[in-house]
Amino acid sequence: MAAGASNTTANTDWGKANFNDIYDRPDPRPYFATLRSLDYQIPHHGQAVFRALTHALRRLHPDRTPLNVVDLCCSYGINTALLNYRVTLADLSTRYTSHHLSALSARHLAAEDRTFFAARRRPEAATATGIDSAARAVGYARAVGLLDHAFAENLEVTEPSPALRRTLAGTDLITVTGGVGYVFTRTFTRLLDCMPTPPWVAAFVLRTVPYQPIADLLARSGLVTEKLPTRTFRQRRFADSAERYAAFDALAVNGLHTADKEADGYYHTDLYVSRPAPDIAALPLVRLL
């Protein structure tokens, strides 16, 4: 999801390689073909975390069934596939780069995917809402059944549509695995304005991107943000030396060291989870994960 220009938007000029040509294609094959070569792995880490969070939500709030999960910057619905279906990121990467599926049209691939995912849906699957400005990607995820509700909207630029407002009202959890920086406080403000009860928010954020403004915004809605202190999570390898140097420069500006992190040749993310204080007291993050 591309961010609009405003003083509430993070600086997205951080020297990252431009992959815009794979984010809004008729199907996810170019996406996986490109990112597989860079060992893209953040959705894999998200799978374990988001499943743990939905399990904890069901324990603490058993009346919320099924859970309503919003995947922000959802792209082709990958996070939802990993949350709600018996698949791994490696399964999806192998599937979408396979010779068997390479000759299919996008329409025939969607038909194959509908059958593939329907046979693997987990019984405790959450109701999934996807938001992304990439209309074809969101449309594909909805067409194959990964998303119950799909919205091609850029909340950095426009207010939520009436349909999106209605859908967001009962949200239990917002997830995001790489969009922060492209979307920032303006998007989160508009999301929260649609939600009478603030949901949990789980965000994997590149260490080159500031998260404190979003944490401050969430605090004003009664959410306390914890950063997992025990580790960072690899996102993908740097595409080239220019990207690596730009990341190192951004980290140095913020006084962050790269040893045992980006020095290994990968972007690293921090995990932030925002919840009401009583939920944190009942189940602290370090125990939950």
Side-chain angles (χ1 to χ4, degrees), residues 1-2 16-48 50-51 69-123 125-154 175-179 182 204 234-240 243 265-267:
M1 180 182 284
K16 289 189 72 178
N18 187 327
F19 294 113
N20 288 345
D21 60 330
I22 66 172
Y23 288 139
D24 196 19
R25 301 291 287 274
D27 66 69
R29 286 173 294 188
Y31 180 94
F32 278 97
T34 299
L35 293 181
R36 186 180 194 181
S37 66
L38 296 175
D39 193 20
Y40 180 62
Q41 57 187 262
I42 197 63
H44 163 72
H45 302 304
Q47 180 178 43
F50 300 153
R51 285 189 179 182
V69 176
V70 170
D71 186 15
L72 182 60
C73 304
C74 67
S75 182
Y76 299 94
I78 296 163
N79 287 335
T80 300
L82 299 178
L83 174 66
N84 280 344
Y85 297 83
R86 293 187 296 273
V87 295
T88 66
L89 183 62
D91 293 335
L92 297 180
S93 182
T94 298
R95 176 173 178 78
Y96 291 120
T97 58
S98 69
H99 176 72
H100 168 65
L101 297 179
S102 63
L104 294 181
S105 67
R107 181 169 62 86
H108 285 110
L109 178 63
E112 292 269 346
D113 273 352
R114 280 193 293 273
T115 301
F116 175 83
F117 287 113
R120 292 164 175 80
R121 188 170 175 87
R122 303 172 73 215
T127 299
T129 297
I131 306 172
D132 200 296
S133 62
R136 289 192 290 184
V138 174
Y140 189 88
R142 180 70 180 93
V144 303
L146 292 176
L147 297 176
D148 301 287
H149 310 284
F151 296 92
E153 302 187 25
N154 187 339
T175 65
V176 57
T177 57
Y182 298 105
F204 288 87
R234 285 176 168 180
Q235 187 205 45
R236 62 164 172 82
R237 281 200 300 268
F238 294 118
D240 52 35
E243 196 175 58
Y266 286 76
Y267 278 111

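For clarity, every value in this text was computed on a predicted model and none was experimentally measured.
For residues 74-94, every residue pair satisfying the ring pair (Phe, Tyr, Trp, His ring centres under 6.0 Å) rule, not counting sequence neighbours, is listed here: Tyr31-Tyr76, Tyr85-Phe117. Sequence neighbours left out, the pairs with a member in residues 76-99 that pass salt bridge (charged side-chain N to carboxylate O under 4.0 Å, His left out) are Arg95-Asp113. Residue pairs satisfying the ring pair (Phe, Tyr, Trp, His ring centres under 6.0 Å) criterion with at least one member in residues 94-114, sequence neighbours excluded, are listed as follows: Phe32-Tyr96.
For Pro28 against Tyr140, the heavy-atom pair with the smallest separation is CD-CE2, 3.5 Å. Residues Ala150 and Val138 approach most closely at CB-CG1, 3.2 Å, considering heavy atoms. Scanning all heavy atoms of the two residues, the minimum distance from Ser133 to Asn154 falls at CB-CB, 3.9 Å. Looking at every heavy atom in both residues, Cys73 comes nearest to Gly179 through SG-CA, 3.7 Å. Taking all atoms of both residues into account, the shortest heavy-atom contact from Pro30 to Asp27 is CD-O, 3.4 Å. Closest non-hydrogen pair, Ala106 versus Pro26, comes out as CB-CB, 3.8 Å.
In this structure, Asp71 CG and Thr129 OG1 are separated by 9.5 Å, a value rounded to the nearest 0.5 Å. Atom CZ of Arg237 is separated from atom CD of Gln41 by 9.0 Å, given to the nearest 0.5 angstrom. Note that the CD atom of Glu153 and the CD1 atom of Ile131 stand 7.5 Å from one another [nearest 0.5 Å]. Here Asp132 contributes atom CG and Ser75 contributes atom OG; the two are 6.0 Å apart, rounded to the nearest 0.5 Å. Interatomic distance, Leu89 CG to Leu35 CG, rounded to the nearest 0.5 Å: 9.5 Å. With rounding to the nearest 0.5 angstrom, the CG atom of Leu92 is 6.0 Å from the CZ atom of Phe116.
Listed for the Arg136 side chain is a donor-acceptor partner under 3.5 Å among the backbone atoms of Asp24.
Annotation: side chain to side chain contact (heavy atoms under 4.5 Å, CB included) contacts of Thr34 (sequence neighbours excluded): Phe19, Ile22. Partners of Asn20 according to the side chain to side chain contact (heavy atoms under 4.5 Å, CB included) rule, which considers only residues two or more places apart in sequence or in another chain, are Asn18, Tyr23. When the salt bridge (Lys or Arg N to Asp or Glu O under 4.0 Å) test is applied to Arg122, the partners found at least two apart in sequence or on another chain are Glu124.
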Criterion side-chain contact (heavy atoms from CB on, under 4.5 Å) on Val144 and Arg114, from CA distance to verdict = CA-CA 5 Å; Val144 303; Arg114 280 193 293 273; 4.2 Å; yes
Stepwise side-chain contact (heavy atoms from CB on, under 4.5 Å) test for Tyr40 and Gln235 = CA-CA 6 Å; Tyr40 180 62; Gln235 187 205 45; 4.2 Å; yes
CA sep, side-chain torsions, deciding dist, call: Arg29, Thr97, side-chain contact (heavy atoms from CB on, under 4.5 Å) | CA-CA 6 Å; Arg29 286 173 294 188; Thr97 58; over 6 Å; no
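At least one side-chain heavy atom of Arg36 sits less than 4.5 Å from a side-chain heavy atom of Thr94. A heavy-atom distance below 4.5 Å is found between the side chains of Leu82 and Val87. Within the 4.5 Å cutoff, no side-chain heavy atoms of Thr80 are placed close to those of Val69.
Donor-acceptor pairing under 3.5 Å is recorded for the side chains of Thr177 and Asn79.
Residues Phe50 and Phe204 place their aromatic rings such that the two centres sit under 6.0 Å apart.
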